[in-house]
Structure formats: structure tokens, C-alpha cells
**Q** 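Below is a structure I'd like to ask you about.
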Amino acid sequence: MRLSVAILAALLACSDSSGPQEGDVPLALHVVATGLDFPLDLAVPPGDSRLFIVEKGGQIRIIKNGVVGPTFLDLRGRVSTGGEQGLLGLAFDPAYATNGRFVVNYTDVNGDTRISAFRVSADPDVADPATESVLLPVDQPFDNHNGGQLAFGPDGDLYIGLGDGGSGGDPNGNGQSVATLLGKLLRVNLNGAAPYAVPSDNPFAAAAGPATRGEIWSWGLRNPWRFSFDRATGDLYVGDVGQGAHEEIDVSPAATGAGRGVNFGWNRMEGTHCYPPDPADACDRTGLTGPVLDYDHPDGCSVTGGYVYRGSAIPALEGTYFYSDYCGGWVRSFRFSSGGATDQREWPALRPGGSVTSFGQDASGELYLLTAQGGVYQIVQSR
Ligand SMILES: [Ca+2]
Ligand SMILES: [Ca+2]
């Protein structure tokens, strides 16, 4: 009887090909730093050995040679910090070495989004707070769903993630409206007209006007808290936070435009399911692009999108995308192949014992994760 139960359990385990399997590369978390104040983002200028950590309360701290050192920038007087508000994202200009420019995404003292550029001072470890140039102010109707991610894409343009504005269920229909910047991924260029130029090949650039915003790159997003580009392929990965039931990861390959003009479905879809929920799940999906992966609550509550590993220290991970969930506490991965999420894994040794707020990658492509409890960890091979 014991044997047959064991065989049955083994068969059940083998038949479960849809869920994540346990990872087989020996990985571990190396503690880089602890004691940070609610770290939300990690960014690095090209070729730089320092790590820049964004704290929710409004500071950017530098980790240099493994030590938490100087405060690079203090925006505590300009940032609102309730709930999902705060200093949310940081990206360094690809030409940072020559122009000293970086961009931040935060909610201001009125709770509205500010995308602002700053410049470093004569001291490379200190930014000049007086250099703020507001690139894009966006009114926020509710205090939640503010997005937060910034990234310079493979094309050198700045991509900005904005949530649907907040409340629940997207009451103003922002995700499906191209008249608003809310619920979108935006693409702008900082090297032409001030404060930015809309690239002529943005999907709505030709039709731009009050009813159609030319800055839009992708739409139908609820709260794309973290998105990234695969630094080898240019493929776009978006972790879009769900409403109350389904969390999702979207992938749009570079070969099909890396998100250009893609409608990711919110608020007509939540993950792969109709929204509002429909008993037959038979809503019209015309024109919508679904996720490559979704998972249900309470397996998690808020997806934390990550990065594709392109470092050199762990060759077995080449091309593997890592992600987490703020409530789930786990770290999982997959490989994007033939339009789907293959080789799904869960990595028990990478559970940091806290809420994963973000991942980050250093100049050489090694991956890190951050926890709300103040930890900065590097993913390493354990033997
Ligand atoms: Ca909001
Ligand atoms: Ca979606």
C-alpha cells in the first residue's frame, strides 16, 4: 500500500506539467546589504560598478564595494509616501558617463506622478537636487496604481510605466482609452525637443491629439509595476498586477515590435480571464494580447516582474526570466520560447524571507532582488 501511494504521488507530480518545477541549478542568495528603508528599485549606470538603491521614502542610496555608502539624492521633501506612493523608479541615461543625466518616477506631495530628470554633481556620488527638470507630470485620480518603472530601451528611448490611476476595476476605463496616459507603457525621446519628443514611429504618433496620446507605446495595462527589456534580444517583459484574482507576465518579442501598439487587455481581461468575471469566460478577446503566464490568488497577490538573466557568472541561467510576488514570497522563473513560458521553475533557495519589491541587474547582467524589509540580495551559484 505504501508503495502504491508513492507511485501515485510520483505520477501526479509528473502529470503536473503546468506548474513550476523545483530548480536544479544550485543557486543561493548572497546578502549584499540589509537595513535599507523599504528599497523599491535598483539601477546602475552603464559600465558602473556601484549599485543605486531607490528607497520608497525618497532617497537614492549608493552601495559601493558592498557597503551602503553615500546618499546620492534626497527627495524626501518632494515625495508622498502613503500606500503605493513614493519614489518608485530610477533609470540612468545610456549616455550617463558624458551627460550625467538620470530619470526618476515618483508621486509628488499632492500624490500626482512626476517623471523628472536630474544631473549628477561634480562629485560622482552625489546628484544635484537643484537640477530637477519635470519631463512629464501626470495627475493621479486615486492614490494607488501609480506604476513606477522607468527603462531606457534598446533604442535609447525612455519607457515609462503608468498604472490605471487606481481605485478598483479601473472605474474611468483608462486602460482601454488612448486619450489618457494612465494604464499605459509610454515611449519618449529625451535627446530632441524639450522636455521630450514623441518618436515618429510610436503607434499613435501620426494620429496624436487630445483624444489620442502620441506617447503611448502599449496599452490595456492595470499596474505594470515592473517591466524590462531582455538586454540580449530586446524582448519586452511586463509584470502587470492583477485586480483580485489573477497576476500575469506579458512578453512581447522584439520581432513583433516589443510591445508596440499592443493592447494587453485590462480592464476587459484580468490575466487570461474575462473581467468582470464571466461564468462562461466567453468575453470578446478581439484585439487583445494575453499573458504568457498567469497565476491565481492566493498563490500571490501582486506580481513583481524581473529580468532575463544575461550575466556571465551562471551560464546555466542564460535566457531565464526571474519574477516574484509581493505576498507569495517565492522566486520563480521561465524561459520564453515559441510564444510561451517554458521550463517553469520555483527556486526555494532564493526565498528571501520577505516581500520582494523588485529585481535589478548590475552593469554585467548579474541579478539582484530587494525586499520591503530592507534587504538587497544577489542571485549567485552556490557551488
Ligand atoms: Ca494612482
Ligand atoms: Ca493583461
Side-chain angles (χ1 to χ4, degrees), residues 20 23 25 27-30 32 39-44 51-54 88-91 147-151 153 159 161 185 221 223-242 247-252 258-259 291-295 299-311 313-314 316-337 341-352 354-372 375-381:
V25 183
L27 298 181
L29 287 180
H30 166 68
V32 176
L40 289 184
D41 200 9
L42 182 159
V44 176
L51 304 176
F52 291 71
I53 309 295
V54 170
L88 305 176
L90 165 67
Q149 183 73 21
L150 298 169
Y159 290 76
L185 189 57
L221 293 163
N223 195 23
W225 166 240
R226 292 299 178 234
F227 67 86
S228 65
F229 293 96
D230 181 338
R231 61 167 65 188
T233 66
D235 295 346
L236 171 69
Y237 290 69
V238 182
D240 196 16
V241 177
E247 301 297 317
E248 67 178 73
I249 303 281
D250 303 283
V251 184
S252 186
V292 299
L293 179 153
D294 74 349
Y295 60 90
D299 190 16
C301 75
S302 181
V303 65
T304 301
Y307 293 87
V308 175
Y309 181 82
R310 296 294 180 186
I314 317 174
L317 296 183
E318 173 78 13
T320 301
Y321 176 80
F322 285 87
Y323 65 102
S324 182
D325 183 281
Y326 190 79
C327 300
W330 39 256
V331 174
R332 294 176 183 165
S333 69
F334 66 86
R335 294 172 187 269
F336 180 69
S337 178
T342 65
D343 197 18
Q344 294 187 34
R345 305 276 165 177
E346 182 163 327
W347 303 88
L350 299 184
R351 291 182 75 102
S355 299
V356 178
T357 58
S358 283
F359 290 77
Q361 59 182 347
D362 66 19
S364 58
E366 300 305 323
L367 296 188
Y368 299 77
L369 59 86
L370 314 175
T371 66
V376 178
Y377 305 88
Q378 183 180 356
I379 296 176
V380 299
Q381 188 162 340

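Only heavy atoms go into these numbers, but all of them, side chains included; no hydrogens, no water, no symmetry mates.
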**Q** Does a side-chain heavy-atom distance below 4.5 Å link Ile314 with Leu367?
**A**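 Side-chain contact under 4.5 Å: no.
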**Q** Tell me whether Asp41 contacts the main-chain N or O of Leu90 through its side chain, where contact means a donor paired with an acceptor under 3.5 Å.
**A**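 Side chain of Asp41 to backbone of Leu90, a donor-acceptor pair under 3.5 Å: yes, one is there.
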**Q** Would you please indicate if the ring centroids of Tyr237 and Tyr323 are separated by under 6.0 Å?
**A**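 They do not qualify: ring centres at least 6.0 Å apart.
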**Q** Taking side chain as C-beta onward, heavy atoms only, is Leu29 less than 4.5 Å from Ile379?
**A**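 Answer yes - side chains close enough.
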**Q** Kindly give the heavy-atom pair with the smallest separation between Ala363 and Arg231, and that separation in Å.
**A**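 Taking every non-hydrogen atom into account, O-NH1, 3.1 Å.
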**Q** Between Tyr377 and Thr371, is a side-chain contact (heavy atoms from CB on, under 4.5 Å) present by the stated rule, with each step listed?
**A** CA-CA 9 Å; Tyr377 305 88; Thr371 66; 3.7 Å; yes
**Q** Quick one: closest heavy-atom pair of Glu247 and Val241, and the distance?
**A**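 Closest approach of Glu247 to Val241, heavy atoms only: OE1-CA, 3.4 Å.
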**Q** Where do Asp325 and Gly300 come nearest, in terms of heavy atoms and distance?
**A**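 Reported closest heavy-atom pair: OD1-CA, 3.2 Å.
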**Q** Testing the basics here: between Tyr326 and Ala372, what is the closest heavy-atom pair and its distance to 0.1 Å?
**A**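 Smallest interatomic distance, heavy atoms only, reads OH-CB, 3.6 Å.
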**Q** If I compare all heavy atoms of Ala232 with all of Arg310, which pair ends up nearest, and what's the gap?
**A**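 In this case the closest contact between Ala232 and Arg310 is CB-NE, 3.3 Å.
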**Q** Given side chains that start at C-beta, do those of Phe334 and Ile249 come closer than 4.5 Å, heavy atoms only?
**A**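 Of all side-chain heavy-atom pairs linking Ile249 with Phe334, at least one is under 4.5 Å.
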**Q** Answer whether the closest heavy-atom distance between the side chains of Pro352 and Leu369 falls below 4.5 Å.
**A**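 Result yes, sub-4.5 Å side-chain heavy-atom pair found.
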**Q** Check the pair Leu317, Phe322 against side-chain contact (heavy atoms from CB on, under 4.5 Å), reporting the backbone distance first and the verdict last.
**A** CA-CA 10 Å; Leu317 296 183; Phe322 285 87; 3.9 Å; yes
**Q** Check for a donor-acceptor pair, side chain of Asn223 on one end and backbone N or O of Gly147 on the other, with a separation under 3.5 Å.
**A**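 It does hold such a pair.
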**Q** If you round to the nearest 0.5 Å, how far is CZ of Arg351 from CD of Glu346?
**A**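 These two atoms lie 6.5 Å from each other.
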**Q** Do Ser228 side-chain atoms and Val308 backbone N/O form a donor-acceptor pair below 3.5 Å?
**A**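 Not confirmed, Ser228 side chain does not pair with Val308 backbone.
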**Q** Quick one: closest heavy-atom pair of Ser333 and Trp347, and the distance?
**A**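 In terms of heavy atoms, the two residues are closest at OG-NE1, 2.8 Å.
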**Q** Name the orientation class of the two ring planes belonging to Trp330 and Tyr295 (parallel below 30°, tilted from 30 to 60°, perpendicular beyond 60°).
**A**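 Perpendicular, since the angle between the ring planes exceeds 60°.
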**Q** Is it true that a side-chain atom of Thr320 and a backbone atom of Tyr309 form a donor plus acceptor pair closer than 3.5 Å?
**A**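 Flag not set: sc Thr320 to bb Tyr309 has no pair under 3.5 Å.
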**Q** Do Val44 and Leu51 have side chains that approach each other closer than 4.5 Å (heavy atoms only, starting at C-beta)?
**A**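 With C-beta onward as the side chain, the pair touches.
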**Q** Starting at OH of Tyr368, measure out to CD1 of Ile53 and round the result to the nearest 0.5 Å.
**A**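 Going from OH on Tyr368 over to CD1 on Ile53, the span is 9.0 Å.
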**Q** Any chance you could lay out the side-chain contact (heavy atoms from CB on, under 4.5 Å) test for Leu370 and Val54, step after step, and finish with the verdict?
**A** CA-CA 10 Å; Leu370 314 175; Val54 170; over 6 Å; no
**Q** Could you go through the side-chain contact (heavy atoms from CB on, under 4.5 Å) check for Arg226 and Leu40 one step at a time?
**A** CA-CA 10 Å; Arg226 292 299 178 234; Leu40 289 184; 4.2 Å; yes
**Q** Under 3.5 Å, is there a donor-acceptor pair between the side chain of Trp225 and the main chain of Thr357?
**A**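 Yes.
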